[in-house]
Structures are given as C-alpha cells and as structure tokens.
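Below is one structure; the comments refer to it alone.
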Amino acid sequence: MPIISRIFGGAAALVAAIGMLLVTNTTAALAYQPGTIGYDISYPQCGSAYPTSSGSFRAAPPTASATPSWRGRMAVVASVAPPPATTATRTTPVPQGVSGGFSRSFGIIGVDSGNPFISATHPGNPCLADEYSKTPKPALYVNTGYDPSYLDANHTLPDCTMKSGNVSGSDAQKKAWAVGCSEAEKDLAYVTSQGITNTGGWWLDVETGNSWCGRPGTLCSDLTLNQYSIQGLMDTVLAGGATPIGIYSNKYMWNAIVGTNSVHGQRADWYATGTGTAQAAAPYCASSNSFTGDPVKLAQYVNGIDYDYAC
C-alpha cells in the first residue's frame, strides 16, 4: 500500500533548518568502494575501545550510559538471516575476516541509545560526537520502532500530529506516521546539538529486536502502522535535507515488520546477514537479496563488533 504524504510550508521550517546544518555535499554518500570493509558502532562502545581507520583501536571517553530497554543492534541468528538466494560474482578479493590490523574504510555511527525516541530516560548516544569524529567516511544510523504507547504526548510531537493531517490513510495510520515523524525530529535535533554536519548519508535500523505491531509483547497486529511509522521517519528526514537514506534489515525481518507493504524515499539496502566473516557475508550483495527493491550496498557480519562488507 503506497503512502502519499507531504511536508509543507512553515510547519517544516524548523526541520528544514536543522537539515541544512546536517548535510552538505552528499553526492558520494552511501557510495562505498566495493570490497572494502567498514564497521558500525554506537553507545555500547562508550567507555571501551572502538576501531579507527588505521586498524588500531582508540578508547572512547568514559561515560555513564543509560541501560536501554532494547538492544542497540540485534545479534542476527541464522534463522533470522537465511542463506542468500544466489552468490554474487565479484572481481575484488574478499577478506576471510577482520583482524586488529585490518584497515577500515568507513563507519556508521548510531545516533540513539538503543531506543527510537531520544528523551531524558533514553538519551542519545553519549559518545556520538567522539565516535563520528574518529570514524573514516562516517554515516549515521537511527533506531526505529512502533508501539501504540508511542501515541502519548511524551513521544508524539504536536508538530508531527499537525503534519500528519496531510497524509493519506486512516486515522490510525496518520497517528503512526506522526510517531515516525517525531522519532526523526528528535534524532535530527540531537545530531545538530552534537555539532555534527553529516555528509555520509543516513540509515534507518529496522529490525525485529525492536517494538513493532505483530511482534510479541506489542498490543497491535496491523503491519501498515509499522509501514506508516517508517514512512513518517523517512519523510521527515528527507524534508530536512538529510539525504540520502538507506534501510538496515534483511528479508526475514523486513517481511515480519512491513509484510507486503512498501515505503518510498530510500536508496539502498544494508543487509544483516548474521554471518561471521566477510567471505560469508559477500553473497548477500546479490540483487536477489534486496528486501526493499533497492540495491544492496552493504552486508553486515559480526566478528567481535559489527563489520560491513561493501558490495
């Protein structure tokens, strides 16, 4: 079910102003050199070591980080990430894994602290600015999620409720769109507060480890509400000029969260493979493994921390 939505006039002025600070010269964003290796880190690396472009490790400043109610990233198991449909043909040699001395060419930094909404209870990643500044060719990712409890005033912003009136759909779908819009506005504001001008693009983290309709413990079953929430987040980030956008997920998780519904505005897939080496992750670069219909640009694998093979 396609969504037709528009952000307009003065209601989007604040988000647009923030977006102009967040993004400049993004023509090369999400364009990774095939065969190179990057990584993705977030709040769990605060106060510990994280990788740098030279292959050494640099300690992040100690911080008192909040304990999240969700995982910042899920450890994808084989049942969640089934074997790829076909093997990708590559001309670039694929590393077997990543050691402490392997060069990292790019990185993606988590904005949140494992929750889709930034708040006093769940603040943003306290090491965001430090991690971003020490990461080669950095990009950002944000947590996403939907739950009926997010419709309250502590989560949904009045500005987004007003904008949702111009979204086609049922009343419940418009409210779900406003939830995603609110998630985005809080993320955009937090990134700006950290003094970051992001030129590497944005990724939306869409995974079953978070709260969604149709998932255990969530009191809703309508997958279109998940769809509208993701679309609201995407529309708001795009309205702010923070582009381009890609989506992190895999076929299993994407189908469980949005079903046969679709979203629009994204340009790339980042595939959560559940594997442990670059060699095992590379076949997921094949176009047959796309879950949104967009090119698979990255294949994530886990080897101590999250690494990403560029397709």
Side-chain angles (χ1 to χ4, degrees), residues 1-3 5 30 40 70-86 88 108 110 112 114 116 139 141-147 169 173 176-177 179-180 183-184 201-218 220-235 237-238 244-275 280-302 306 308-309 311:
M1 177 188 301
I3 302 170
S5 59
L30 307 190
D40 55 279
W70 299 351
R71 291 167 288 181
R73 302 293 268 186
M74 72 178 294
V76 182
V77 297
S79 61
V80 173
T86 185
I108 308 172
D112 310 285
Y141 79 81
V142 297
N143 293 96
T144 67
Y146 176 79
D147 187 284
Q173 289 169 336
W177 186 96
V179 166
E183 294 176 5
W202 293 69
W203 294 93
L204 308 186
D205 183 344
V206 181
E207 58 182 86
T208 51
N210 297 342
S211 180
W212 298 101
C213 289
R215 304 302 302 165
T218 305
C220 60
S221 58
D222 184 355
L223 300 189
T224 69
L225 301 184
N226 300 338
Q227 172 202 16
Y228 271 73
S229 178
I230 295 168
Q231 191 65 59
L233 201 159
M234 184 122 50
D235 287 346
V237 172
L238 289 171
I245 296 175
I247 294 179
Y248 168 91
S249 195
N250 61 33
K251 282 188 171 182
Y252 171 85
M253 295 193 291
W254 187 251
N255 183 67
I257 292 168
V258 302
T260 59
N261 302 298
S262 61
V263 297
H264 57 86
Q266 75 284 348
R267 289 173 43 183
D269 287 1
W270 174 10
Y271 207 98
T273 74
T275 62
Y284 289 87
C285 291
S287 60
S288 57
N289 291 304
S290 172
F291 48 87
T292 67
D294 296 295
V296 180
K297 292 290 188 180
L298 296 173
Q300 183 197 62
Y301 63 99
V302 181
D306 296 342
D308 303 292
Y309 179 79
C311 300

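Treat the numbers as computed from the prediction; the structure is a model and nothing was measured.
Taken from OH in Y146 to CD1 in I230, the straight-line distance is 12.5 Å, to the nearest 0.5 Å. L233 contributes atom CG, which lies 5.5 Å from atom CD of E183 (distance to the nearest 0.5 angstrom). Between M253 atom CE and N210 atom CG the span is 9.5 Å, to the nearest 0.5 Å. Expressed to the nearest 0.5 Å, how far OG1 of T275 lies from OH of Y309 amounts to 12.0 Å. Rounded to the nearest 0.5 angstrom, T260 OG1 and Q227 CD are separated by 8.5 Å. The line from CH2 of W270 to CG of L30 is 10.5 Å long, rounded to the nearest 0.5 Å.
Contact record, A184 with V237: CB-CG2, 3.9 Å, taken as the closest heavy-atom pair. Nearest heavy-atom pair, Y228 versus G169, reported as atom, atom and distance to 0.1 Å: OH-CA, 3.8 Å. Contact detail for I257 and N226: the closest heavy-atom pair is O-ND2, 2.8 Å. Nearest heavy-atom pair, A299 versus C311, reported as atom, atom and distance to 0.1 Å: N-SG, 4.2 Å. What you find for M234 and G265 is that their closest heavy atoms are SD-C, 3.8 Å. Of all heavy-atom pairs spanning S229 and G145, the tightest one is OG-O, 3.6 Å.
Every residue meeting the side-chain hydrogen bond (donor to acceptor under 3.5 Å, both in side chains) condition with T292, not counting sequence neighbours, appears here in chain and number order: D269, D294. Listed by chain and number, the residues in a side-chain hydrogen bond (donor to acceptor under 3.5 Å, both in side chains) with W203 are Y32 (sequence neighbours excluded). Not counting sequence neighbours, the partners of D222 by the side-chain contact (heavy atoms from CB on, under 4.5 Å) test are T224, L225.
Using a 4.5 Å cut-off on side-chain heavy atoms (C-beta onward), V206 and W212 make contact. In this structure, L223 and V258 have side chains that are not in contact, with every pair of non-hydrogen atoms separated by 4.5 Å or more. Between D40 and L298 there is no side-chain heavy-atom pair separated by less than 4.5 Å. Looking only at side-chain heavy atoms (C-beta outward), W202 and L204 stay at 4.5 Å or farther from each other. The shortest side-chain heavy-atom distance between T273 and N250 does not fall under the 4.5 Å cut-off. At least one side-chain heavy atom of W254 sits under 4.5 Å from a side-chain heavy atom of V263.
Between the side chain of T144 and the backbone N or O of D205 there is at least one donor-acceptor pair closer than 3.5 Å.
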### Test side chain to side chain contact (heavy atoms under 4.5 Å, CB included) applied to W177 and D235, step by step
CA-CA 9 Å; W177 186 96; D235 287 346; 3.0 Å; yes

#### Entry: Worked check of side chain to side chain contact (heavy atoms under 4.5 Å, CB included) between K251 and Y271
CA-CA 8 Å; K251 282 188 171 182; Y271 207 98; 3.7 Å; yes

